[in-house]
Amino acid sequence: KHRGRDLVHIYSREDQDSEKLRDTIEWIHQLQQAIIKDNIIFHFQPVVEIKTGQIAYFEALVRLIIAGKVIFPGHFIPSLERAEDIKLLDHQVIAKAIKTLADYPQLTKLAINLSAHAFSDENLLPFIEQKLAQYQVHPTRLIFELTESASLSNLSATQRMIERLTLIGCAFSIDDFGTGFSTFSYLKELPAKSVKIDGSFVKDMKKDPIDKALVKAIYDISKSLGKQSVAEFVEDRETLELLAELGVDYAQGYFIARPVPIEQALAIKPNQWLN
Ligand code: C2E
Ligand code: MG
Ligand code: MG
Ligand code: MG
């Protein structure tokens with residue numbers, strides 16, 4: 001419009017790129033502000049063992065508080081992933097998670113999500129080790145969830161870091177399994193303890209036989225490789241029952257509990273879901 005009337009402007013690739021760039025710069029700014037103001041928080045969602053109903057661990061899901069509003073990661077992670085600055089967030093997430101484990105000994109284990117860049121960042125491993133030592137937190141209480149895109153960027157560096165963290169007792173889980181690329185080679189190359197079946201398959205498995213077959217297939221592969229399986233997006237009882245029938249080990253989702261602040265999370269009682 002600012003170029004005058006009767007002009008058709010074709011929305012080009014360059015426009016898209018510069019819009020993305022502006023968006024990334026804006027989110028880097030928001031992130032920096034949130035760090036300064038201590039406006040980065042977690043909500044915690046339990047992962048339960050299906051057989052027993054016990055809470056196995058919680059997943060920490062990051063949120064930014066901007067102008068008093070809670071902003072979810074879907075808004076800022078994709079933009080920040082385009083910049084190295086996402087490492088700032090990774091460091092915050094690690095430090096906050098380890099401090100949370102120190103502050104709440106009743107929180108047995110905590111899973112965190114790191115960016116696609118995280119595992120090619122040489123400073124990350126010493127940072128994790130330093131924070132664990134500083135807060136006197138045992139490494140076995142920390143679980144790293146990584147998406148396939150995360151490991152994709154630099155497989156050998158990722159492998160080395162994972163091996164080192166596994167050696168000191170941290171656990172790894174492959175997140176959103178089934179939607180990325182080269183799925184099978186990651187199962188082969190990465191010493192992950194568990195596989196999280198992508199929620200998009202789980203969500204509709206009670207209605208869609210293809211989704212159900214895919215959930216079963218991922219469960220079977222995981223099991224035959226000696227890995228535990230976790231189903232995310234368990235939104236109703238029927239789905240949880242189906243997962244129990246298949247033998248899937250763990251479940252997470254709105255049917256069990258939504259992500260909530262720490263005090264509410266710690267008040268969640270085990271064993272009530274399949275009664
Ligand atoms: P994710 O790690 O796969 O986490 C699961 C997401 O699904 C969370 O969204 C969670 O709130 C949501 N969810 C849980 N149960 C259900 C359910 O039953 N139904 C549906 N429809 N959704 C459910 P959230 O918190 O918005 O996070 C989205 C993604 O952002 C995460 O996916 C993760 O990839 C990323 N993320 C979250 N926290 C962090 C972080 O600290 N650092 C980084 N780098 N990424 C993060
Ligand atoms: Mg996750
Ligand atoms: Mg996931
Ligand atoms: Mg997911």
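Counting starts at 1 for both ligands and their atoms, following the listed order.
- Atoms of ligand 1 lying under 4.0 Å from any heavy atom of D176, numbered from 1 in the order shown and given with element: 3 (O).
- Across all non-hydrogen atoms, the minimal contact from I256 to P46 is CG2-CG, 4.3 Å.
- Salt bridge status for K96 with D38: present, with a side-chain N to carboxylate O gap under 4.0 Å.
- The residue among A60, A97, P73 with a heavy atom at the shortest distance from atom 36 (N) of ligand 1 is P73.
- Within ligand 1, the atoms closer than 4.0 Å to a non-hydrogen atom of V93 are 41 (O), numbered from 1 in the order shown.
- Contact detail for E232 and G199: the closest heavy-atom pair is OE2-N, 2.9 Å.
- Taking backbone and side-chain atoms together, N113 has an N/O/S atom less than 2.8 Å away from the Mg ion (ligand 2).
- Summarising the contacts of atom 45 (N) of ligand 1 with I112, L61, I77, the nearest heavy atom is found in I77.
- Ion pairing between a basic and an acidic side chain is recognised when a charged N comes within 4.0 Å of a carboxylate O; E26 and R22 show no such pairing.
- When each atom of ligand 1 is checked for a heavy atom of E59 under 4.0 Å away, the hits are 2 (O), 4 (O).
- Closest approach of W27 to H75, counting heavy atoms only: NE1-O, 3.4 Å.
- The Mg ion (ligand 3) has an N, O or S atom of D176 under 2.8 Å away, backbone or side chain.
- Using bins of under 30°, 30° to 60° and over 60° for the plane-to-plane angle, the ring pair F144/F172 lands in the parallel bin.
- Counting the atoms of ligand 1 from 1 in the order shown, those under 4.0 Å from a heavy atom of P259 are 11 (O).
- When the Mg ion (ligand 2) is compared with the N/O/S atoms of D175, atom OD2 turns out nearest.
- I40 has its side chain within reach of L31: a pair of non-hydrogen atoms, C-beta onward, lies under 4.5 Å apart.
- Taking a cutoff of 4.0 Å between a charged side-chain nitrogen and a carboxylate oxygen, K196 and D176 do not qualify as a salt bridge.
- Which of I40, I86, N113, I71 comes nearest to atom 46 (C) of ligand 1 through a heavy atom is settled by distance: it is N113.
- Closest approach of S229 and Y219 over heavy atoms only: OG-CD1, 3.2 Å.
- When Q45, E232, K196, Q252 are checked for heavy-atom proximity to atom 15 (N) of ligand 1, Q45 turns out nearest.
- For the Mg ion (ligand 2), the N/O/S atoms of E59 include one lying under 2.8 Å.
- Interface atoms of ligand 1 facing S115, defined by a heavy-atom separation under 4.0 Å, are 44 (N).
- The N, O or S atom of E145 with the smallest distance to the Mg ion (ligand 2) is OE1.
- Inclusion of E232 in the first shell of the Mg ion (ligand 2) is not supported: no N, O or S atom falls under 2.8 Å.
- The two residues T108 and L101 come nearest to each other via the heavy atoms O-CD2, 4.2 Å.
- Among H43, E81, R63, the residue whose heavy atom lies closest to atom 25 (O) of ligand 1 is R63.
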